[in-house]
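Each remark here refers to the structure printed beneath this line.
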Amino acid sequence: MEPRVDPMDGRVLERNYDYAQRNVRLLSMWYDCDLERMLELLAEHEIELSRNDRRQFGTWYRLLRQRSGGYQSD
């Protein structure tokens, strides 16, 4: 019997983000959740966004990281 993998585990989430070609929209479709929830999950696990996702969601993501206590400003 294979061990079960928790898709919400930070390492699994980051690996799946890589598999989704570091695309939040695609990852949210894979996880069958809305975009806001996917950004929350990435922020909670301190998973850095791709350059393209930062352009689209960077401000929103930084706000979520601050709320979760995981973001330190420069």
Side-chain angles (χ1 to χ4, degrees):
M1 183 178 218
E2 290 185 36
R4 293 186 72 45
V5 174
D6 178 6
M8 298 303 174
D9 176 79
R11 292 171 296 175
V12 174
L13 185 63
E14 186 166 21
R15 185 177 60 229
N16 287 340
Y17 184 47
D18 285 339
Y19 290 156
Q21 300 177 351
R22 301 198 60 81
N23 182 313
V24 173
R25 288 183 195 281
L26 180 58
L27 187 62
S28 69
M29 286 189 295
W30 283 5
Y31 274 68
D32 194 28
C33 68
D34 62 28
L35 192 57
E36 180 177 358
R37 179 64 182 138
M38 186 50 59
L39 285 168
E40 287 173 358
L41 288 169
L42 293 173
E44 287 172 12
H45 291 287
E46 300 181 15
I47 298 170
E48 293 299 322
L49 297 180
S50 68
R51 185 179 334 151
N52 288 335
D53 284 343
R54 272 194 313 269
R55 280 189 217 134
Q56 293 180 30
F57 311 111
T59 302
W60 192 5
Y61 176 81
R62 283 189 300 276
L63 177 63
L64 292 168
R65 289 269 312 254
Q66 288 171 345
R67 285 185 186 165
S68 69
Y71 182 77
Q72 308 243 337
S73 61
D74 295 333

Subject >> Working for side chain to side chain contact (heavy atoms under 4.5 Å, CB included), residues Arg65 and Arg62 >> reply: CA-CA 5 Å; Arg65 289 269 312 254; Arg62 283 189 300 276; 5.5 Å; no
Subject >> With sequence neighbours excluded, residues passing side chain to side chain contact (heavy atoms under 4.5 Å, CB included) with Tyr31 >> reply: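 Expected list: Pro7, Met8, Val12, Leu13, Asn16, Leu27, Cys33, Met38.
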Original post:
Counting heavy atoms not belonging to Arg55, are there more than 12 under 6.0 Å from its CZ?
Top reply: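 More than 12 heavy atoms, drawn from other residues, nucleotides or ligands, come within 6.0 Å of this atom.
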Subject >> More than 12 heavy atoms from other groups under 6.0 Å of CG on Asp6 >> reply: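 Correct, the count exceeds 12.
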**OP:** Measure across Ser68 and Ala43 and return the closest heavy-atom pair with its distance rounded to 0.1 Å.
**Re:**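 Closest approach of Ser68 to Ala43, heavy atoms only: OG-O, 3.8 Å.
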Subject >> Closest approach of Leu26 to Ala20 (non-hydrogen atoms, all atoms of both residues) >> reply: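 Looking at all heavy atoms of both residues, the shortest contact is CD2-O, 3.4 Å.
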Original post:
Given Tyr17 and Asp53, is the side chain to side chain contact (heavy atoms under 4.5 Å, CB included) satisfied, shown in steps?
Top reply: CA-CA 11 Å; Tyr17 184 47; Asp53 284 343; 2.6 Å; yes
Original post:
Can you list the steps and then say if Val24 with Leu35 is a side chain to side chain contact (heavy atoms under 4.5 Å, CB included)?
Top reply: CA-CA 7 Å; Val24 173; Leu35 192 57; 3.2 Å; yes
Original post:
Which value, rounded to the nearest 0.5 Å, describes the distance between Thr59 atom OG1 and Leu64 atom CG?
Top reply: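 Going from OG1 on Thr59 over to CG on Leu64, the span is 11.0 Å.
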Original post:
Can you tell me how far the CG atom of Leu41 sits from the CD atom of Glu36, to the nearest 0.5 Å?
Top reply: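 Answer rounded to 0.5 Å: 11.0 Å.
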Original post:
Is there side-chain contact between Leu39 and Leu49, with at least one heavy-atom pair below 4.5 Å?
Top reply: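 Heavy-atom side-chain distance check passes, below 4.5 Å.
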Subject >> Arg22 and Glu48 ion-paired at < 4.0 Å >> reply: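 Salt bridge absent between Arg22 and Glu48.
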Subject >> By salt bridge (Lys or Arg N to Asp or Glu O under 4.0 Å) - contacts of Arg11 (at least two apart) >> reply: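 Salt bridge (Lys or Arg N to Asp or Glu O under 4.0 Å) list for Arg11, sorted by chain: Asp9.
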